[in-house]
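Contents: one structure, followed by commentary.
Quick note on labels: first sequence line is chain A, next is B, and so on, each numbered from 1.
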2 protein chains.
Amino acid sequence: MTYTIGEFSRLINLSIHTLRYYELEELIAPRRLENGRRCYSENDLTWIQFIRRLKDTGMPIKEIQKYAKMRAIGDPTLEGRMELLIQHRQVLHQEIKQLEEHLENLDDKIDYYKNVIVKRQEQN
Amino acid sequence: MTYTIGEFSRLINLSIHTLRYYELEELIAPRRLENGRRCYSENDLTWIQFIRRLKDTGMPIKEIQKYAKMRAIGDPTLEGRMELLIQHRQVLHQEIKQLEEHLENLDDKIDYYKNVIVKRQEQN
DNA sequence: ACTTGACCTCGAGTCAACTCGAGATTGTAC
DNA sequence: GTACAATCTCGAGTTGACTCGAGGTCAAGT
């Protein structure tokens, strides 16, 4: 199964413009038909879904690009790619911890507001 | 205790430029001395620390600005501010959940790499 | 009196990540 | 055979959040 850019765009919910931009940034390299049009494969599909994951976890495009370049080379870069993921995992883990802390803090603040509001209502 | 912009900048580890930018964006409004210089108070200190928390949890400046404006009005906006925080709490909570899912997925991928690498070494 | 350092304003520059639009081409549908 | 929809490239514009620099003020130290 292959897809035109329009189909692919709808499928993964990224704009056509964004897809072309990702290609320019060397994140993805779809095959081309004889007439020059992009032709995305199932492989491209799983790959872009992974790119999304990386993006959603805050990895900048330049970093994803590094990964993509290694991936394009293939087997000999397995270790390198794993390394990169392990590092990213570390960062992500820290980030989650930080966010959990912030969430708690936010909860405290909300509780404080609740108290003030309740007390104010008791006054009337 | 009050601080000049330089002192304050060092204290909270934000550049002087950034502090002035935050002021321009109406996040913070330090007192001014007769000569026009900024004069930050303890109150400003706790406030900017809270701003940081909001920023670190991904709240955009425009949103923080709303909060700041309500805060400046004072008491009658308590409910509004609480609302805003509750909403943000919700978003943050979802985000953390998403990130945890991504983390798991990343772990799987790393495991997969490990396996491939081990198998490859067994071959030799 | 004069240099120095911290401060001021205001306008412009930067960076990442898109986002848009003009102008050309191409494949299908009437 | 022509309209139209989808595609192409390339260059420019946008947004958010800073970041920088020029040119000026002002108080303290020598």
Under a 4.0 Å heavy-atom criterion, the protein footprint on nucleotides 10-15 of chain C, written with B, S and -, is ------
Round to a whole Å and report the spacing from CG of Leu33(A) to P of dA6(D). 17 Å
Quick check on DNA chain C: between Cys39(B) and Glu34(A), whose nearest nucleotide comes earlier from the 5' end? Cys39(B)
Report the distance from atom CD1 of Ile16(B) to atom P of dC18(D), rounded to the nearest whole Å. 16 Å
If the cut-off is 4.0 Å, is Lys55(B) near the phosphate of dC18(D), judged by side-chain N/O to OP1 or OP2? yes
Verify the contact: side-chain N or O of Arg32(B) to OP1 or OP2 of dT9(C), cut-off strictly under 4.0 Å; return yes or no. yes
Between Gln65(A) (side chain only) and Glu25(A) (backbone N and O only), is there a donor and an acceptor less than 3.5 Å apart? yes
With no hydrogens and no angle check, is any side-chain donor or acceptor of Thr18(B) less than 3.5 Å from a backbone partner on Leu14(B)? no
Are any non-hydrogen side-chain atoms of Tyr113(A) and Ile86(B) less than 4.5 angstrom apart? no
For Ser15(A), answer base if it contacts any base atom (sugar-phosphate contacts may also be present), sugar-phosphate if it contacts only those atoms, and nothing otherwise; contact means non-hydrogen atoms under 4.0 Å. nothing
Nearest-angstrom distance from the residue atom CG of Leu24(A) to P of dT19(C): 15 Å
Could you check whether Asn35(A) gets within reach of a base, just the sugar-phosphate, or nothing at all, counting any heavy atom under 4.0 Å? sugar-phosphate
Can you check the Leu19(A) CG to dC20(C) C1' distance for me, whole Å? 15 Å
For dC18(C), does OP1 or OP2 lie under 4.0 Å from any side-chain N or O of Tyr22(A)? yes
Between dA16(C) (P) and Glu25(A) (CD): distance, integer Å: 9 Å
I'd like to know if Glu83(A) and Lys114(B) make a salt bridge, using a cut-off of under 4.0 Å between side-chain N and carboxylate O. no
Is any side-chain heavy atom of Lys55(B) closer than 4.5 Å to one of Tyr22(B)? yes
Under the salt bridge (charged side-chain N to carboxylate O under 4.0 Å, His left out) rule, what do Glu63(A) and Arg81(A) come out as? Steps first, then yes or no, please. CA-CA 11 Å; Glu63(A) 198 74 4; Arg81(A) 281 182 275 163; over 6 Å; no
Between dT7(D) atom P and Tyr3(A) atom OH, what is the distance in whole Å? 15 Å
Output the single nucleotide from dA17(C), dC18(D), dT7(D) whose closest atom is nearest the side chain of Ile61(B). dC18(D)
So, OP1 or OP2 of dC8(C): does either fall under 4.0 Å of a side-chain N or O from Arg38(B)? yes
With respect to the side chain of Tyr21(A), which nucleotide from dC7(C), dT19(D), dA17(C) is positioned closest? dA17(C)
Return yes if some donor-acceptor pair links the side-chain N/O of Trp47(A) with the main-chain N/O of Leu27(A) below 3.5 Å, else return no. yes
Whichever of Met59(B) and Glu23(A) has its nearest DNA chain D nucleotide further upstream toward 5': Glu23(A)
Whole-Å distance between dA17(C) P and Arg52(A) CZ? 15 Å
Got a salt bridge between Arg120(B) and Glu79(A), using NZ or NE/NH1/NH2 to carboxylate O under 4.0 Å? yes
Hey, is the side chain of Thr18(A) poking within less than 4.0 Å of OP1 or OP2 on dT19(C), counting only N and O atoms? yes
Just the rounded figure in Å: distance from C1' of dT19(D) to CG of Asn13(B). 16 Å
